[in-house]
Amino acid sequence: MMRKLLLALPLLLAACGAQSVWAPDDVVKNAVYRHDARPSVTLITMKNTGSDNGAHSSLVINGSQRVIFDPAGTFTFSTMVERNDVIYGLTPELLDVYIDYHSRVTYYTVTQTKEVSPEIAEQLLRAVQSNGAVPKAGCNLAISRILSQTPGFESIKSSLFPNNTEKAFSKLSGVKRQEFFDDDPDDNSHVLENINLN
């Protein structure tokens with residue numbers, strides 16, 4: 001087990017960058033986006049197209065507002081509103097850009113969405129907001145810990161490995177799965193350079 005962990009750490013380190021940002025209160029308040037879909041949580045897993053190994057995880061929460069928890073992620077652009085790995089103002093356009101950025105010739109993106117009660121959505125929202133910035137390679141560990149402490153998600157155990165959480169999430173009732181493939185080059189920075197959400 002230890003040998004597997006040591007072999008996997010370079011892959012996890014390559015996939016998850018570290019960045020702690022603290023947007024001011026007024027900026028966060030002005031960025032709030034309320035999506036009209038039912039309350040839900042979406043696990044996003046970025047997987048290697050060759051090996052199918054999970055390389056990064058994030059979590060979309062749609063409650064009183066919609067945010068994405070992108071722990072130790074590399075997704076960033078000049079007008080993005082972020083506080084400790086929580087990205088605010090998650091409009092449909094921004095979510096599309098997020099998925100496009102992560103989907104490339106070397107990685108594809110899997111989304112798994114489960115509807116939840118408004119109370120559970122708010123519990124998850126508070127959990128990611130209070131979690132704090134996540135260090136390198138800790139993306140899936142942070143997400144799996146938060147989910148494992150949430151009613152209805154207790155079957156998801158804490159894990160460093162995105163594939164473990166993806167598999168456990170797939171066993172929950174009512175999960176809707178989508179896969180996104182793209183032939184963009186591995187250097188997908190042009191997606192962020194050309195971002196225009198106006």
Are the side chain of [X] and the backbone N or O of [Y] linked by a donor-acceptor pair below 3.5 Å?
X    : Y    : value
R38  : E115 : no
D187 : S189 : yes
D70  : D85  : no
N48  : N53  : no
T91  : L94  : yes
E154 : G152 : yes
K176 : Q112 : no
N30  : D26  : yes
N140 : F161 : yes

I would like to know whether Q123 and E119 meet side chain to side chain contact (heavy atoms under 4.5 Å, CB included); could you show each step before the answer?
CA-CA 6 Å; Q123 180 176 330; E119 293 77 17; over 6 Å; no
Looking at [X] and [Y], what are the two nearest heavy atoms and their distance?
X    : Y    : result
V134 : A142 : CG2-CB, 3.8 Å
P71  : H56  : O-CE1, 3.2 Å
Y33  : P92  : OH-CD, 3.3 Å

Listing request: all side chain to side chain donor-acceptor pair (under 3.5 Å) pairs with a residue in residues 60-69, at least two apart in sequence or in separate chains.
S64-E122
Kindly compute the distance separating [atom1] ([X]) from [atom2] ([Y]), expressed to the nearest 0.5 Å.
X    : Y    : atom1 : atom2 : answer
S170 : L43  : OG    : CG    : 10.0 Å
F75  : I87  : CZ    : CD1   : 6.0 Å
T109 : D100 : OG1   : CG    : 9.0 Å
E166 : T111 : CD    : OG1   : 10.5 Å
L124 : L147 : CG    : CG    : 6.5 Å
M46  : S57  : CE    : OG    : 7.5 Å

With respect to F169, which candidate in V41, N164, T42, T45 satisfies the side-chain contact (heavy atoms from CB on, under 4.5 Å) definition?
V41
Strictly by ring-ring contact (aromatic ring centres under 6.0 Å, His included), give each pair with a member in residues 125-148 just once, sequence neighbours left out.
none
Got N131 and R126 here, is their nearest side-chain heavy-atom distance under 4.5 Å?
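No - every pair of side-chain heavy atoms lies 4.5 Å or more apart.
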Side-chain heavy-atom pair V21, N84 within 4.5 angstrom cut-off
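Heavy-atom side-chain distance check fails, nothing below 4.5 Å.
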Is it true that the NZ or CZ of R104 lies under 6.0 Å from the centre of Y101's six-membered ring and within 45 degrees of the ring axis?
yes
Could you go step by step and tell me if L141 and S158 meet the side chain to side chain contact (heavy atoms under 4.5 Å, CB included) rule?
CA-CA 6 Å; L141 185 59; S158 295; 4.3 Å; yes
Under 3.5 Å side-chain donor-acceptor pair for Q129 and Y88:
yes
Pairing donors with acceptors under 3.5 angstrom, does anything connect the side chains of T49 and T106?
no
Side chain to side chain contact (heavy atoms under 4.5 Å, CB included), that's the test. Do V60 and T113 meet it? Break it down for me.
CA-CA 9 Å; V60 173; T113 301; over 6 Å; no
Mind checking salt bridge (charged side-chain N to carboxylate O under 4.0 Å, His left out) for E179 and listing every partner two or more places apart, or none if nothing turns up?
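Partners of E179 under the salt bridge (charged side-chain N to carboxylate O under 4.0 Å, His left out) test: R177.
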